Amino acid sequence: MSAAVTQLGYAGFQVRDLAAWRGVATEIMGFEIVDGEPTCLRLDQRHHRIALYPGAADGLAYAAWEAANAADFNAIAGRVRAAGIAATHGTREECEQRRVADFVKFRDPNGFAIELYHGPNAAPWPFVPSRPISGFKTGAQGLGHIVLRCADRDAGVKFYTEALGLRLTDTAELANSHMKATFLHCNPRHHSLALTTAAPETAGQVSHLMVETNAMEDVGRAYERCQAKGVPIWLSLGQHTNDRMLSFYMRSPSGFGLELGYGAIEVDDATWQVAHWQTGSHWGHKPHAAS
Ligand code: FE
């Protein structure tokens, strides 16, 4: 099989309100903060999985996909370029900041800032959550998943499957909104990426970033802490149809969603059957009027 990315490894965001992000990171999520420039958020043994760059606007700085080794990295970068996309190597300084051996950066067909890297660096000290939690389900499944709103979803799906090597998990067209979504995986996580159709005014935005906990209690406790501390809930506690994830979505301080989930099913490529869904959730996930 040809080279494919193995996980959504890390993501960076430009943020207007770093203090609010630090609050959500520590008081709700239990991330460990690694101070510096950028401010890094730690979820596991990796040095960080999320980097926050203070700035005048909110948005995605980069979503980064991991290659297993230098040979795969070169092969995948070659396919990106063969797709007509200019990919430039990160500087030594940027590689040091991201704690990777090498990376290239480029824009996907919908204009999202993407990175491809190899050689992640695990930090030599254990993950110390900022409040008592079970921890995050990462490892070979990566950071979690990211959902991107696309002007041209089909072009995005073609690029991510053919150039980066992600594989189709399932699709959805929601009956109430006619929003279409394609869910893609690159390891047992049901989806590391979903691409959705979008109205022109929201195309190019991040819908949400999801991280998965090791225990259901962490989701429930975080839900209560959001309510106690006034962190806006976007979608109430619920359970998704396709990956069966129990989750809720808060509004991150940057406006996009932050989904905290537990208990998703995993994909085994040998037996997986691609489904098409008309609903996103078995129950819950209701929009909150206050947000
Ligand atoms: Fe999600």
Side-chain angles (χ1 to χ4, degrees), residues 7-11 13 24 28-29 31 41 43 49-50 60 63-65 110 112 136-138 141-150 153 156-157 160 166-174 176-177 179-198 202-214 216 218-220 222-223 226 231-252 254-267 274-288 291:
Q7 61 172 269
L8 175 67
Y10 59 85
F13 297 95
V24 168
I28 307 296
M29 304 298 279
F31 297 154
L41 305 179
L43 286 70
R49 292 279 191 179
I50 297 170
L60 181 69
W65 297 91
N110 286 288
F112 290 100
F136 298 97
K137 188 170 185 177
T138 54
Q141 293 198 22
L143 162 62
H145 70 231
I146 194 163
V147 179
L148 306 176
R149 294 179 165 138
C150 301
R153 182 187 60 139
V157 171
Y160 281 99
L166 279 84
R167 301 178 291 281
L168 179 63
T169 310
D170 49 35
T171 56
E173 179 169 0
L174 304 186
N176 55 354
S177 67
M179 188 265 280
K180 297 179 184 175
T182 299
F183 299 84
L184 301 168
H185 66 276
C186 54
N187 58 49
R189 187 181 296 287
H190 175 278
H191 56 284
S192 295
L193 175 69
L195 303 176
T196 76
T197 54
T202 59
Q205 295 179 0
V206 173
S207 162
H208 66 273
L209 176 75
M210 188 286 309
V211 295
E212 186 170 2
T213 65
N214 289 328
M216 188 191 297
D218 290 338
V219 176
Y223 195 56
C226 282
V231 173
I233 304 287
W234 173 27
L235 298 172
S236 67
L237 199 63
Q239 189 178 15
H240 281 301
T241 46
N242 61 352
D243 64 0
R244 307 192 68 81
M245 180 90 76
L246 174 83
S247 69
F248 76 95
Y249 297 63
M250 67 198 90
R251 269 284 170 219
S252 79
S254 293
F256 62 82
L258 205 49
E259 181 182 11
L260 189 64
Y262 167 77
I265 60 168
E266 297 182 355
V267 171
V274 175
H276 179 70
W277 299 90
Q278 279 88 37
T279 55
S281 302
H282 288 298
W283 56 271
H285 289 147
K286 303 295 187 220
H288 264 227
S291 61

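Remember, predicted model here, so these are calculated numbers, not experimental data. Reckoned from all heavy atoms, side chains included, excluding hydrogens, waters and symmetry mates. Counting starts at 1 for both ligands and their atoms, following the listed order.
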Query raised in the report: Is there a donor-acceptor pair under 3.5 Å between the side chain of Arg49 and the backbone N or O of Gly9?
Result: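 Yes; judged by distance alone, with no hydrogens or angles, the pair exists.
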Query raised in the report: Would you find a donor on one side and an acceptor on the other, under 3.5 Å apart, between the side chain of Gln141 and the backbone of Gln7?
Result: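 It does not hold such a pair.
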**Report entry** Heavy-atom check, side chain of Val206 versus side chain of Val147, under 4.5 Å
**Finding:**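 A side-chain contact under 4.5 Å is absent here.
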Requested in this report: Measure the shortest side-chain to side-chain distance between Val267 and Phe183 over non-hydrogen atoms and say whether it is less than 4.5 angstrom.
Outcome: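 Counting from C-beta outward, Val267 and Phe183 never come under 4.5 Å.
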Query raised in the report: Among side-chain atoms of Ser252 and His208, is any donor-acceptor pair under 3.5 angstrom?
Result: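 Looking only at side-chain atoms, His208 and Ser252 do not form any donor-acceptor pair under 3.5 Å.
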Query raised in the report: In terms of ring plane angle, is the pair His191 and His145 parallel, tilted or perpendicular, where the classes change at 30° and 60°?
Result: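 Parallel, since the angle between the ring planes stays under 30°.
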Query - Near the Fe ion (ligand 1) (under 2.8 Å) - protein N, O or S atoms - result: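 His145 NE2, His208 NE2, Glu259 OE1, with waters left out.
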